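These notes are about the structure you will find just below.
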There are 2 protein chains.
Amino acid sequence: MYLIKDSRMAPKKMISDCAECVLSKDCIPSGISTDNLHRFVGIVSTNISYKAGDVLFEQNAKAQHLFVVKTGSFKTQTTTPHGIEHVNNFFLPGELIGLESASSGISCNTAIALEDGVACKINYQQLTKLRQEFPSLSDFAVKIYSAALALANEIQNNATIQCASSRLATFLVLYNRRLNAHGMQSLGLHLPMCREDIASHLGLAVETISRSFSKLITTGCIKKDGRRVQILNLEKLHDEANLPPRK
Amino acid sequence: MYLIKDSRMAPKKMISDCAECVLSKDCIPSGISTDNLHRFVGIVSTNISYKAGDVLFEQNAKAQHLFVVKTGSFKTQTTTPHGIEHVNNFFLPGELIGLESASSGISCNTAIALEDGVACKINYQQLTKLRQEFPSLSDFAVKIYSAALALANEIQNNATIQCASSRLATFLVLYNRRLNAHGMQSLGLHLPMCREDIASHLGLAVETISRSFSKLITTGCIKKDGRRVQILNLEKLHDEANLPPRK
DNA sequence: CGCCTTATTGATCTACCTCAAAGTCTGTGG
DNA sequence: CCACAGACTTTGAGGTAGATCAATAAGGCG
């Protein structure tokens, strides 16, 4: 898949060249012709390695970069003035982190690596300049942003569903769809985040997440082993996700 | 304020000219020089009147237009496959409706007028073409989109807060901030939506909204008369919005 | 004025939170 | 390779915030 070489070795040109990246068709380079790709490559720091727990950017700090997940996974979380944390979203390979801070210039949340992974880092200002030169980059931006907004809507809808197991079911359906969107087609998912992160994201208690998993297993929607989840019946999982309120 | 003439009269040129619009500095024209403004004016249907309950666009229908609220207010809502409705967001003067559907071309929710009002309608495709000609329009798009995404994050965070009165308090704080953002500075707000819409938006029961209002009145944060709410103590309302979970 | 929709208030019930404890996984060092 | 410590996860028992049901009150409109 990805050639992550020992750091003592000279980095392979191939790895840092966006032209060769498996994600390029879904990434910003898709908005630039091959001839001009070098212009983009010039403003990206490609393949930065992160260890689990590493911070990409901090809430309330100056936001300077957009990140593209290449391998691994990340989360963003907001801390309220009174110290309560809430996990906003999770990010999978091919997804962009930091979109919401582009205008204000201040990060509205903290981004943290959930596991060891690799991401590319793009400077906002330089990207803005490039966008003015290449109109197709602008199209790509609108496409990415409107998709992010549509996803945010779905996540928001899910957070207001009454039944806890429906929320978890919807979460799994969305997560599975996002995995599949970037070519990792399968009904088996590895959840890289801990139960507490899922609980925070869905606005439920950790214990309720556990019990909801048990319910989804009992009803034959899924089976699981720790963080490894297998969707047995996607149809049934959809039904469970759309239960009438308080059933 | 706005001159909404009797429909039997010839529409005043002034009204439909974006150059004269009080919102233009926050609207798409801000991304175009005065010399080129006519190009934009050519793709907008300005000042369309809506009556309370009128539908701007329907979920799952082909999405062709972006709307700018000029007066009045609107809501967007999603209907799940099993017929449960959820109010996604409310839209105030100066705000854009339909951003999330720009890429897919399919509306992911239904937009409805909450009261009599006026909005302008812009064709996506023509706007896309214009954006390629005017790079500053692209900057405006990114600015608008990232702000919308940041707001969606805040709304999502709010929906996962435990305490019902905290959710309502946060809702009022956000709503007030948005009203003020477009120059309607005041601590008195008129909520154009019914309690049921607020309840749906916050993921609570209508009765809980009523009781939460009562609590906010008892604690001296607000006073109210029907849908007319007056913020008495913004500091206290912030505190109420950030209560520790379950108390 | 009377009808109908919307809003509030009261009483009961329940899903989920909290607290508590046991069980499982992960990694580290002997 | 195994033993242990620590974090993570699950399961159990009881309490509570908010849902639901029910009834009254207040607007809105013909």
Side-chain angles (χ1 to χ4, degrees), chain A residues 51-53 75 84-87 112 114-116 158-169 171 190-219 222-229 240 243-247, chain B residues 51-53 75 84-87 112 114-116 158-172 190-219 222-229 240 243-247:
Chain A
K51 294 233 156 276
K75 67 172 174 181
I84 300 155
E85 284 185 352
H86 175 251
V87 173
I112 299 170
L114 290 166
E115 56 190 327
D116 294 0
N158 189 29
T160 56
I161 291 174
Q162 298 295 346
C163 181
S165 57
S166 293
R167 281 196 214 177
L168 182 61
F171 170 72
H190 172 251
L191 300 175
M193 72 295 283
C194 63
R195 295 286 185 264
E196 203 177 342
D197 284 339
I198 301 178
S200 165
H201 181 59
L202 298 179
L204 297 166
V206 200
E207 297 91 330
T208 307
I209 298 296
S210 263
R211 282 185 250 266
S212 299
F213 266 121
S214 304
K215 193 192 166 189
L216 293 180
I217 293 168
T218 309
T219 51
I222 60 166
K223 70 178 179 185
K224 83 169 169 54
D225 176 31
R227 295 184 177 187
R228 184 106 228 142
V229 172
E240 199 66 33
L243 243 40
R246 295 269 159 176
K247 193 251 122 106
Chain B
K51 293 234 155 278
K75 67 172 173 179
I84 300 155
E85 284 184 353
H86 175 251
V87 174
I112 300 170
L114 290 166
E115 55 189 328
D116 295 1
N158 190 28
T160 57
I161 290 174
Q162 298 295 346
C163 181
S165 57
S166 293
R167 281 195 215 178
L168 182 61
T170 303
F171 171 72
L172 293 175
H190 173 252
L191 300 174
M193 71 295 282
C194 63
R195 298 285 187 264
E196 203 176 343
D197 284 340
I198 301 178
S200 165
H201 180 60
L202 298 179
L204 297 165
V206 200
E207 297 91 331
T208 307
I209 298 296
S210 262
R211 282 186 249 267
S212 299
F213 265 120
S214 304
K215 194 193 165 188
L216 294 180
I217 292 168
T218 309
T219 51
I222 61 165
K223 69 176 179 185
K224 83 169 170 50
D225 176 32
R227 294 185 178 186
R228 186 106 226 143
V229 173
E240 200 67 32
L243 245 41
R246 291 267 161 180
K247 180 14 248 222

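Protein chains get the first letters and strands the later ones, always in sequence-line order, with residue 1 at the start of each. Every value quoted in this text rests on a predicted model; they were computed, and no experiment measured them.
Residue-level contact check: A/R167 touches neither bases nor backbone, having no heavy atom under 4.0 Å from any strand.
At whole-Å resolution of the value, CG in A/D116 and P in C/dG27 are 10 Å apart. Between the C1' atom of C/dT14 and the CG atom of A/L243 lies a distance of 15 Å, rounded to the nearest Å. B/R195 has its CZ atom 7 Å from the C1' atom of C/dA7, to the nearest Å. For B/R227 and D/dA26, the CZ to P distance is 17 Å, given to the nearest whole Å. At whole-Å resolution of the value, CG in A/L168 and P in D/dT9 are 13 Å apart. Taking atom CD1 of residue B/I161 and atom C1' of nucleotide D/dG18, one finds them 16 Å apart after rounding to whole Å. Between B/L216 atom CG and C/dT8 atom P there is a gap of 12 Å when expressed in whole angstrom units. Residue B/K215 contributes atom NZ, which lies 18 Å from atom C1' of C/dT8 at whole-angstrom precision.
In plain terms, the two heavy atoms of B/G203 and A/Q162 that are nearest each other are O-NE2, 3.8 Å. B/K223 approaches B/I217 most closely through the heavy-atom pair CA-CG1, 4.4 Å. Closest of all the heavy-atom pairs between B/A199 and B/A205 is CB-C, 3.8 Å. Here the closest non-hydrogen pair linking B/D116 and B/A52 is OD1-N, 2.9 Å. Listed here is the closest heavy atom pair of A/I209 and A/L168: O-CD2, 4.0 Å. Among all heavy-atom pairs drawn from A/R195 and A/R227, the shortest one is NH1-CG, 4.4 Å.
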(message) Run the side chain to side chain contact (heavy atoms under 4.5 Å, CB included) test on A/S165 and A/E240 for me, step by step, so that the C-alpha distance in whole Å, both residues' side-chain angles and the decisive distance to 0.1 Å come before the verdict.
(response) CA-CA 7 Å; A/S165 57; A/E240 199 66 33; 3.8 Å; yes
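The nearest heavy atom of DNA chain C to A/D225 and to A/S165 marks one nucleotide each, and the one closer to the 5' end goes with A/S165.
The rotation axes computed at either terminus of the helix from C/dC1-D/dG30 to C/dG30-D/dC1 lie 40° apart, taking five pairs at each end and rounding to 10 degrees.
In this structure, the side chains of A/V229 and A/L216 stay at 4.5 Å or more apart for every pair of heavy atoms. By the 4.5 Å heavy-atom criterion applied to side chains, B/L172 and B/L191 are counted as neighbours. Contact annotation: the side chain of A/D197 approaches that of A/L114 to within less than 4.5 Å [non-hydrogen atoms, C-beta and beyond].
Under the side chain to side chain contact (heavy atoms under 4.5 Å, CB included) rule, B/R167 has a single partner from B/T208, B/T160, B/I161, which is B/I161.
Residues from residues 196-214 of chain B with heavy atoms under 4.0 angstrom of DNA chain D, sorted by number: B/G203, B/L204, B/A205, B/E207, B/T208, B/R211.
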Identify the pairs formed between an N or O of the protein and an N or O of nucleotides 28-30 of chain D at a distance under 3.5 Å, and give each distance.
none

